[in-house]
Student: 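Could you have a look at this structure, given as structure tokens, before my questions?
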Amino acid sequence: MAVDVSPQPTPRGPGMSAAPGRPVALLTGASSGMGFAVARRLAGEGYILILSSRRPEPAAQRLQAEGATVLPVTGDLALPETAERLAAAAGELGRLDALLLNTPGPAVRPFVQLTDDDWDGAFRLLVQGPLRLLRRVVPLFERSGGGRVVAITSFTVKQPGPGSSLSNALRACLVNALKTAALELAPSGILINMVAPGYTLTESLREWNAAHAARQGITPDQVAAEAAARIPLRRLARPEEIAEVVAFLLSPRNSYITGQQVGADGGLVVAL
């Protein structure tokens, strides 16, 4: 899918000038699912939102219709140009208070079927892109006196599952890089955490269920039912439930948690 990352003026909407007292949140992968739920939650707390994905406009329009102030920025996080455009958008607003790093899931295929290109592409999206963006916006956080960062990962970082080698390995890579950054940036008031959801009712999960069902010769509904049976709470999560955890960690209410991966999986993984 072609992505528009050409230089262009930063669009403005109502309230888009730098607004003292209004926090600014930059969110990637926020057009649907958990990312969109976080965006809606932060909008309700008065944040100005910089919303980024490959096609952010429909989500931005939904949020604007609800009264949110949203700046959509089209881009692919795997491309260096996207980090530059997102940092420039935050710079235009004069501050940055919160950063959500959320990326779509990579290909779901058996390990032996993955190619070097699969690994290279997934690394650029799941690891290199988020870390590049974080590096680029650190000066904006410092200018604002600190900030909060959350990356949405997965419970499979601690408990890998079959068919998800790319996600299992590369999200773990991102987690450890961000834990290191958390140690180094804490003196600047930048708190960095990860949230590891379990099975959550998103379009990505439905696609994963379909792929897994095709391999096993069963239906997607059976896959979902089997997943729910393994969860102590006996149900899948709603995106809004994950958003509550993320929104807390991204807010000033989180004043002392950094360098942690927080499970939000209904008790699916309880090991340290």
Side-chain angles (χ1 to χ4, degrees), residues 1-13 15-19 22-32 35-36 38-39 42 47-60 63-64 68-104 106 120-153 170-171 173-174 177-178 180-182 184-185 188-192 194 250:
M1 176 179 179
V3 177
D4 177 14
V5 293
S6 59
Q8 53 184 266
T10 300
R12 290 185 181 273
M16 278 299 176
S17 59
R22 289 201 67 186
V24 174
L26 194 169
L27 305 95
T28 72
S31 291
S32 63
F36 181 80
V38 174
L42 294 181
Y47 282 76
I48 295 173
L49 306 179
I50 302 171
L51 198 71
S52 177
S53 70
R54 290 173 173 144
R55 191 168 174 265
E57 290 81 7
L63 292 167
Q64 288 165 345
T69 303
V70 186
L71 170 61
V73 178
T74 303
D76 181 344
L77 196 58
L79 301 178
E81 296 90 340
T82 300
E84 293 302 318
R85 288 183 58 192
L86 291 172
E92 285 288 320
L93 296 177
R95 64 183 295 167
L96 183 63
D97 301 274
L99 171 65
L100 175 69
L101 298 171
N102 185 35
T103 55
D120 289 345
F123 178 80
R124 287 193 297 272
L125 177 62
L126 298 181
V127 180
Q128 196 170 35
L131 296 179
R132 179 191 296 120
L133 177 57
L134 175 58
R135 292 196 309 270
R136 185 64 182 79
V137 301
V138 163
L140 293 171
F141 279 132
E142 293 174 336
R143 186 188 308 170
S144 301
R148 306 290 182 268
V149 180
V150 171
I152 295 180
T153 60
L170 296 177
R171 292 196 194 280
C173 177
L174 176 65
L178 290 176
T180 305
E184 297 176 1
L185 295 174
S188 297
I190 302 171
L191 280 60
I192 303 173
M194 293 65 61
L250 285 176

Student: Is the backbone N or O of Leu96 less than 3.5 Å from a side-chain atom of Ser144, with the two atoms forming a donor-acceptor pair by type?
Tutor: yes
Student: Distance from Asp120 atom CG to Leu125 atom CG, nearest 0.5 Å?
Tutor: 13.0 Å
Student: Testing the basics here: between Leu51 and Ala60, what is the closest heavy-atom pair and its distance to 0.1 Å?
Tutor: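 So the two residues come closest at CD2-N, 3.7 Å.
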Student: Tell me whether Gln64 contacts the main-chain N or O of Val70 through its side chain, where contact means a donor paired with an acceptor under 3.5 Å.
Tutor: yes
Student: For Glu57 and Thr74, run side-chain contact (heavy atoms from CB on, under 4.5 Å): C-alpha distance rounded to whole Å, both residues' side-chain angles, the deciding distance at 0.1 Å, then the answer.
Tutor: CA-CA 8 Å; Glu57 290 81 7; Thr74 303; 3.1 Å; yes
Student: Enter the distance from Leu101:CG to Leu134:CG here, rounded to the nearest 0.5 Å.
Tutor: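 Rounded to the nearest 0.5 Å, the CG-CG separation comes to 6.5 Å.
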Student: Just to verify, what does Ser31 make a side-chain contact (heavy atoms from CB on, under 4.5 Å) with, not counting sequence neighbours?
Tutor: Ser53, Pro56, Ala59
Student: Are the side chains of Tyr47 and Thr69 in touch, meaning some heavy atoms are under 4.5 Å apart?
Tutor: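 They are not in contact (no side-chain heavy atoms under 4.5 Å apart), so the answer is no.
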Student: Quick one: pull up CG in Leu131 and OG1 in Thr180 and give me the separation to the nearest 0.5 Å.
Tutor: 10.0 Å
Student: With salt bridge (Lys or Arg N to Asp or Glu O under 4.0 Å) as the rule and sequence neighbours excluded, what pairs involving residues 130-146 come up?
Tutor: Glu84-Arg136
Student: I need the Leu79 CG to Gln128 CD distance, nearest 0.5 Å.
Tutor: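 So the gap between those two atoms works out to 10.5 Å.
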Student: Can you list everything that forms a side-chain contact (heavy atoms from CB on, under 4.5 Å) with Thr28? Sequence neighbours excluded, please.
Tutor: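 Thr28 satisfies side-chain contact (heavy atoms from CB on, under 4.5 Å) with Leu26, Leu77, Leu86, Asn102, Leu133 only.
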Student: Which heavy atom of Val73 sits nearest a heavy atom of Ala89, and at what distance?
Tutor: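 Reported closest heavy-atom pair: CG2-CB, 4.2 Å.
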Student: Within this structure, what is the CG-CG distance for the pair Leu250 and Asp97, rounded to the nearest 0.5 Å?
Tutor: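 The distance works out to 10.5 Å.
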Student: Would you sort out whether Leu93 and Ile50 count as a side-chain contact (heavy atoms from CB on, under 4.5 Å), showing the intermediate values?
Tutor: CA-CA 10 Å; Leu93 296 177; Ile50 302 171; 3.9 Å; yes
Student: Could you give the distance from OG1 (Thr103) to CG (Leu174), rounded to the nearest 0.5 Å?
Tutor: 7.5 Å
Student: Quick check: does any side chain N or O of Thr153 sit under 3.5 Å from a backbone N or O of Arg171, one acting as donor and the other as acceptor?
Tutor: no
Student: Would you indicate whether the side-chain heavy atoms of Leu27 and Leu49 approach each other to under 4.5 Å?
Tutor: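 Counting from C-beta outward, Leu49 and Leu27 do come under 4.5 Å.
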Student: For Leu140 and Ala90, work out which heavy atoms get closest and say how close.
Tutor: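 Distance-wise, the nearest heavy atoms are CD1-CB, 3.6 Å.
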Student: Under the side-chain contact (heavy atoms from CB on, under 4.5 Å) rule, what do Val150 and Met194 come out as? Steps first, then yes or no, please.
Tutor: CA-CA 5 Å; Val150 171; Met194 293 65 61; over 6 Å; no
